[in-house]
Amino acid sequence: MKANVDLAVEIGSLKLKNPVMTASGCFAFGKEFADYYDLSTLGAITVKATTLEPRLGNPTPRVAETPGGMLNAIGLQNPGVEKVIAEELPHLRKYDIPVIVNIAGTTVEDYVAVTERLMDSEDVDAIEVNISCPNVKCGGIQFGTDPEQAAHVTREVKRVSKVPVIVKLSPNVTDIVEMARAVEAAGADAISLINTLVGMSIDLNKKKPLIANGVGGLSGPAVKPVAVRMTYQVAQAVNIPLIGMGGIMTGEDAIEFMMAGAAAVAVGTANFVNPLACPEIIEGIREFCEQNGVERVRDLQGAAWKEMAR
Amino acid sequence: MKANVDLAVEIGSLKLKNPVMTASGCFAFGKEFADYYDLSTLGAITVKATTLEPRLGNPTPRVAETPGGMLNAIGLQNPGVEKVIAEELPHLRKYDIPVIVNIAGTTVEDYVAVTERLMDSEDVDAIEVNISCPNVKCGGIQFGTDPEQAAHVTREVKRVSKVPVIVKLSPNVTDIVEMARAVEAAGADAISLINTLVGMSIDLNKKKPLIANGVGGLSGPAVKPVAVRMTYQVAQAVNIPLIGMGGIMTGEDAIEFMMAGAAAVAVGTANFVNPLACPEIIEGIREFCEQNGVERVRDLQGAAWKEMAR
Amino acid sequence: MARLTILEHKEIARNMMWLAFEAPEDLIYTPGQFLHIRVTDGVDHLLRRPISLCKVLGEKTGIGIAYRVGGKGTKLLQAKKVGDVLDVLGPLGKGFKLHETDRHALLIGGGIGVPPMVELADQLTQNGVKVTSIIGFQSQNVAILVDELSAYGEVLVATNDGSLGKQGFVTDYMTDELLASADRFYACGPTPMLRAVQQKMEGKVDGYLSLEERMGCGIGACMACVTSCVMADGTIGYKKVCKEGPVFSAAEVVF
Amino acid sequence: MARLTILEHKEIARNMMWLAFEAPEDLIYTPGQFLHIRVTDGVDHLLRRPISLCKVLGEKTGIGIAYRVGGKGTKLLQAKKVGDVLDVLGPLGKGFKLHETDRHALLIGGGIGVPPMVELADQLTQNGVKVTSIIGFQSQNVAILVDELSAYGEVLVATNDGSLGKQGFVTDYMTDELLASADRFYACGPTPMLRAVQQKMEGKVDGYLSLEERMGCGIGACMACVTSCVMADGTIGYKKVCKEGPVFSAAEVVF
Ligand SMILES: Cc1cc2nc3c(=O)[nH]c(=O)nc-3n(C[C@H](O)[C@H](O)[C@H](O)COP(=O)(O)OP(=O)(O)OC[C@H]3O[C@@H](n4cnc5c(N)ncnc54)[C@H](O)[C@@H]3O)c2cc1C
Ligand SMILES: Cc1cc2nc3c(=O)[nH]c(=O)nc-3n(C[C@H](O)[C@H](O)[C@H](O)COP(=O)(O)OP(=O)(O)OC[C@H]3O[C@@H](n4cnc5c(N)ncnc54)[C@H](O)[C@@H]3O)c2cc1C
Ligand SMILES: Cc1cc2nc3c(=O)[nH]c(=O)nc-3n(C[C@H](O)[C@H](O)[C@H](O)COP(=O)(O)O)c2cc1C
Ligand SMILES: Cc1cc2nc3c(=O)[nH]c(=O)nc-3n(C[C@H](O)[C@H](O)[C@H](O)COP(=O)(O)O)c2cc1C
Ligand code: FES
Ligand code: FES
């Protein structure tokens with residue numbers, strides 16, 4: 001029975017055995033989850049944002065719980081691209097899945113330099129350009145809200161990358177379609193959306209923001225309707241594949257993003273709640289397909305607007 | 001004991017006996033809730049959006065449940081300003097509270113005409129200009145996302161209004177502070193924020209959006225962190241009072257908005273879950289003040305950034 | 001709004017539950033009204049679920065409802081145990097109108113539209129009205145309340161697959177003869193059924209339709225639940241299912 | 001990750017609960033590790049709550065924890081009943097290190113830092129180490145686990161208001177004489193207490209501090225729970241409380 005559903009999807013030249021990948025920053029470099037299951041089960045793995053130099057990140061508290069979601073302001077803590085290449089990526093090669101490296105920076109030159117350095121590694125199958133870190137103190141946010149800047153950084157990274165370039169958009173914009181069109185025109189091979197919404201929680205006892213950084217990025221089920229809406233709008237406006245994310249907890253949530261137009265999905269916050277979230281979501285997708293007579297999960301892509309158009 | 005906490009707040013020239021008002025569209029014209037409690041308990045009442053001509057609104061389904069929130073696309077159904085003045089507002093006079101009329105339109109002329117008409121009524125204590133209806137098919141959205149248009153409609157309504165003008169902002173923008181500054185400069189007496197986030201839910205069985213209109217406005221606890229963040233940012237950038245809203249369910253939620261910088265708060269979705277939400281929230285605010293030795297609730301305004309600045 | 005203790009909770013057919021809970025104090029109601037029920041105290045399922053009052057128990061000491069377990073909310077409801085407490089608003093809305101001079105009424109229910117017919121049958125028979133129930137289901141394994149309705153009069157059952165009663169639809173029972181014998185009909189069920197009933201009855205029998213619509217507040221404040229109706233002035237407009245319904249006179253409903 | 005049935009649940013002091021649940025199969029643990037507990041199956045409280053393993057029961061058949069009811073999540077936890085099922089991850093993190101040659105250890109706990117001392121005392125005494133517990137609370141009415149710790153050795157209690165034991169802080173008990181008699185200390189409690197203990201012990205007794213930090217994942221993947229430490233190369237960097245801690249050697253922690 002199980003073998004009957006074809007879960008394979010493609011993001012440009014990347015071939016995924018199923019549509020479920022990990023969302024950057026929510027899976028570190030995979031090691032922790034390898035204790036819970038075989039990472040080969042995944043469609044792909046996207047690792048934590050990598051910058052040129054090591055970054056310490058923000059002071060704590062870095063996370064807070066909100067209704068149906070959470071805020072985070074990790075602040076791009078990472079050991080820097082050299083250590084990532086030397087120490088973090090090689091172990092992932094033993095799994096039979098594409099490895100996507102999420103990159104961040106303060107200037108366009110940063111993004112280019114990280115990409116160039118990553119091209120020396122055999123262990124990078126795609127680059128995901130994080131132009132959408134909602135943490136106001138880290139660079140990157142200006143790229144995420146101005147279509148011209150977004151296009152510029154996309155073009156520059158594209159120029160030096162030998163692997164597909166995925167651009168990850170911020171939802172904190174008036175017009176997500178404009179942003180998507182800009183990065184598509186600049187050569188992006190795919191688009192990830194959404195990154196986190198900028199939010200805040202206040203500690204009533206201390207009378208100040210709960211997160212040391214003040215604002216943080218909102219993720220989890222609470223943001224799903226915004227993410228589904230943006231996926232739906234962008235999918236109809238561009239011709240490159242989308243990776244949908246934002247609050248996916250179950251197989252049905254993943255299907256919702258695919259019907260909205262995503263070619264694949266990423267799972268973030270759910271990994272914190274349940275380390276087995278990704279394999280369970282993959283199983284959930286398979287079950288949904290079985291129960292609904294869907295032979296190829298990719299056939300569901302964009303079903304929601306195709307249906308509306310009728 | 002109870003009499004000791006001073007709950008009174010001011011929104012410009014409007015004097016409220018406590019900071020809790022109803023959010024437009026979530027309280028109709030008050031009649032339904034008068035069956036549950038004495039509306040004089042409220043700080044103020046904001047009624048459903050009123051347009052020049054009657055509007056039928058959108059087809060159904062008009063609401064959907066989402067994690068920690070809900071989507072709606074009512075589509076501004078209302079009987080038109082004439083009937084509102086003749087049939088809906090007079091009964092509210094018997095309560096000893098300010099009545100705020102939310103107005104919407106497709107063109108600036110619409111807004112002006114509704115305001116002019118409302119000036120003939122004795123029953124209007126303030127106007128709330130809804131420039132932020134997230135429903136793409138209704139007018140108003142362009143005013144909510146472009147600072148110049150927002151300023152324009154504010155200036156025109158202000159020109160004809162004899163009562164305070166509150167402008168209600170949309171959260172679906174890249175820069176909420178820019179929007180707030182624009183309407184302040186155009187003469188707004190106060191700002192309400194936030195209206196709903198644009199979202200979507202997909203019906204997996206029907207393979208199409210759950211809401212007939214496609215997209216809908218997301219409200220409820222899920223959006224609270226976004227609303228608190230915007231309140232916090234805008235409160236520090238403008239000198240006019242703010243009415244904070246978005247996901248307020250309890251007295252503590254209301255306190256959170258006040259600490260973020262709101263002078264008063266509005267309660268929307270919570271009224272649907274619990275018809276007694278507003279009086280319970282007022283009680284919750286009082287209890288918080290009692291337990292924390294707060295003598296005047298207005299002293300909490302902006303506590304969160306005042307504390308951060310130390 | 002009240003917090004009411006669950007007295008009984010059991011499966012009565014596949015994915016169909018019977019739930020009885022204590023009645024709020026001074027229960028005032030009419031058959032056809034609905035209860036608006038919270039399925040969790042948390043915020044993950046904010047909206048209440050509208051479920052018809054099926055039967056008032058004892059001396060108004062309890063209320064029984066029958067519901068289908070379908071989505072997330074009713075699944076949470078299903079997990080509640082006897083002794084747990086339900087947050088209930090209502091009874092809400094406008095129920096079925098009873099007419100003193102009627103002698104024979106047809107009660108027409110489809111699927112989860114059958115429950116409100118039980119209390120209605122009880123009140124009608126108490127008023128001396130003879131009732132004939134015509135009820136339809138997908139299949140025998142989801143059929144509910146057949147025995148309960150039988151206590152009040154004849155019950156004619158139709159199932160889509162013929163596994164119980166006649167194979168077909170409730171309208172198949174509506175012979176001219178039967179209609180001629182009836183003073184009134186009361187119907188609740190899926191929209192296609194209600195539309196068919198409305199057509200069949202038009203110009204023959206007056207009656208009422210109980211409608212379903214997705215709700216926000218349940219009390220008339222949010223405008224979520226509107227349905228097209230012929231208004232008093234003859235124009236077509238929206239009425240609120242939660243407040244002006246769920247029961248409408250068949251003549252005013254525009255499908 | 002396991003779904004484990006609650007065996008016992010009771011209040012042991014004001015807003016302080018004792019909760020025992022069945023142990024996961026093949027329980028492997030060290031004292032000082034924590035359990036990462038979901039407080040609801042819904043999404044309104046997404047993040048797990050880290051609570052220290054307090055005592056392993058029977059032949060590793062159960063786990064006991066003691067927790068303070070403070071915020072929303074622990075309030076939900078408090079409402080769970082015997083027979084309900086808990087979703088538990090763990091035991092997680094690095095626990096206290098036991099040293100074979102030690103003869104006398106000081107166990108220092110403050111408030112909700114006291115629970116991990118119980119299992120630690122048990123294991124140390126089984127290894128032949130003499131333990132002296134020095135524990136502090138706000139007041140008598142929130143004091144917990146005093147009798148439990150007394151089973152393993154002397155217990156010195158301090159309370160802020162003097163309502164139980166000495167009035168003052170745990171450090172008030174740390175005379176030069178006592179420190180001279182000790183081979184090791186183990187401390188868990190609020191940051192000001194840990195900082196004071198670290199200072200008091202510096203150059204005199206080696207030991208361990210168990211830290212608290214807000215967590216996302218609890219397994220080392222999100223980087224939420226970092227704390228400043230002296231790294232192997234002498235620089236100051238961040239370590240993860242959930243994975244590299246919660247127990248750190250006192251010398252490496254930078255407050
Ligand atoms: C006046 C009225 C009386 C009803 N009486 C009964 C009854 O006696 N027995 C019974 O089994 N069902 C009845 N229903 C239908 C019942 O309300 C829905 O089946 C139920 O709300 C679905 O909830 P869920 O948690 O299973 O679905 P979910 O998909 O989790 O629900 C999500 C949201 O959609 C709404 N919704 C979903 N399906 C429907 C629907 N078919 N109609 C209206 N709202 C819906 C829910 O109320 C909720 O707000 C009645 C509906 C109305 C309007
Ligand atoms: C390793 C470790 C072991 C612990 N052991 C115990 C114990 O044995 N007994 C005990 O009573 N408490 C213990 N705590 C503290 C306990 O985790 C918090 O009191 C609890 O998470 C608060 O949850 P809440 O639902 O009451 O608060 P909420 O305010 O609802 O919590 C919201 C979020 O903040 C986090 N949070 C809130 N307060 C704290 C805090 N003080 N420390 C860390 N996270 C916090 C919660 O985990 C949750 O993610 C421990 C903490 C850590 C890190
Ligand atoms: C703790 C945390 C850290 C994150 N770090 C990154 C990051 O480094 N780079 C990035 O592009 N996105 C980062 N994100 C955003 C996620 O990849 C994802 O876009 C977002 O959380 C929405 O998905 P979710 O709701 O499934 O978590 C982070 C999210 C969280 C919660
Ligand atoms: C059903 C519904 C109808 C609404 N109608 C209006 C409206 O007519 N005018 C308006 O300015 N805002 C309207 N809103 C937005 C609310 O006033 C409020 O800004 C928003 O819901 C956030 O608050 P909440 O989370 O407390 O609901 C509506 C919201 C809902 C849920
Ligand atoms: S459900 Fe709100 S008006 Fe009917
Ligand atoms: S809590 Fe996620 S790394 Fe420690």
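All values below were derived from every heavy atom in this structure, side-chain atoms included, with hydrogens, water molecules and symmetry-related copies excluded.
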* When you look at D:T227 and A:T60, which way does the side-chain contact (heavy atoms from CB on, under 4.5 Å) test go after all the steps? -> CA-CA 8 Å; D:T227 195; A:T60 58; over 6 Å; no
[X] atom [atom1], over 12 foreign heavy atoms within 6.0 Å:
X: D:K243; atom1: NZ; answer: yes
X: D:Q138; atom1: CD; answer: no
X: D:K81; atom1: NZ; answer: no
X: D:E11; atom1: CD; answer: yes
X: D:F169; atom1: CZ; answer: no
X: A:K208; atom1: NZ; answer: no

Do you know which two heavy atoms are closest between [X] and [Y], and how far apart they sit?
X: D:I219; Y: A:Y36; result: CG2-OH, 3.7 Å
X: A:E32; Y: D:G220; result: OE2-O, 3.3 Å
X: A:I74; Y: D:C222; result: CD1-O, 3.2 Å
X: D:A224; Y: A:V63; result: CB-CG1, 3.5 Å
X: A:P59; Y: D:Y238; result: CA-OH, 3.8 Å

ask   = With a 4.5 Å heavy-atom cut-off, do A:P221 and D:V43 have their side chains touching?
value =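 They are in contact (side-chain heavy atoms under 4.5 Å apart), so the answer is yes.
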Hey, which of [options] has the most heavy atom pairs under 4.5 Å with chain D?
options: A:G220, A:G69, A:G247; answer: A:G69
options: A:G25, A:G30, A:P275, A:P54; answer: A:P275
options: A:Q77, A:M249, A:R62; answer: A:R62
options: A:N78, A:D35, A:N274, A:T66; answer: A:N274

Query raised in the report: Among D:R48, D:K72, D:R49, D:R214, which one satisfies salt bridge (Lys or Arg N to Asp or Glu O under 4.0 Å) with A:E65?
Result: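 That would be D:R49; it is the only one of D:R48, D:K72, D:R49, D:R214 passing the salt bridge (Lys or Arg N to Asp or Glu O under 4.0 Å) with A:E65.
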message: Report which part of A:L210 has an atom under 4.5 Å of a heavy atom belonging to chain D: side chain, backbone, both, or neither.
response: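 A:L210 touches chain D through side-chain heavy atoms alone.
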**OP:** Against chain D, label A:A64 side chain, backbone, both or neither, depending on which of its atoms sit under 4.5 Å from a heavy atom there.
**Re:**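 Contact with chain D involves the backbone of A:A64 alone.
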> Is the NZ or CZ atom of D:R38 both under 6.0 Å from the centre of the six-membered ring of A:F272 and within 45° of that ring's axis?
Replying inline: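 Because its charged atom misses either the 6.0 Å distance or the 45° angle limit, D:R38 does not stack over A:F272.
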Is there a side-chain contact (heavy atoms from CB on, under 4.5 Å) between D:L47 and A:M70? Walk through the geometry before answering. CA-CA 8 Å; D:L47 299 180; A:M70 65 175 282; 3.9 Å; yes
For D:L46, is it the side chain, the backbone, both or neither that has a heavy atom under 4.5 Å from a heavy atom of chain A?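 Answer is both: backbone and side chain atoms of D:L46 are under 4.5 Å from chain A.
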- Query: Measuring heavy-atom distances to chain A, does D:H36 have an atom under 4.5 Å in its side chain, in its backbone, in both, or in neither?
  - Reply: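 No part of it gets close to chain A.
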Checklist entry - At what distance, to the nearest 0.5 angstrom, does CZ of A:F33 lie from SG of D:C217? => result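 Between A:F33 CZ and D:C217 SG, I get 6.0 Å after rounding to 0.5 Å.
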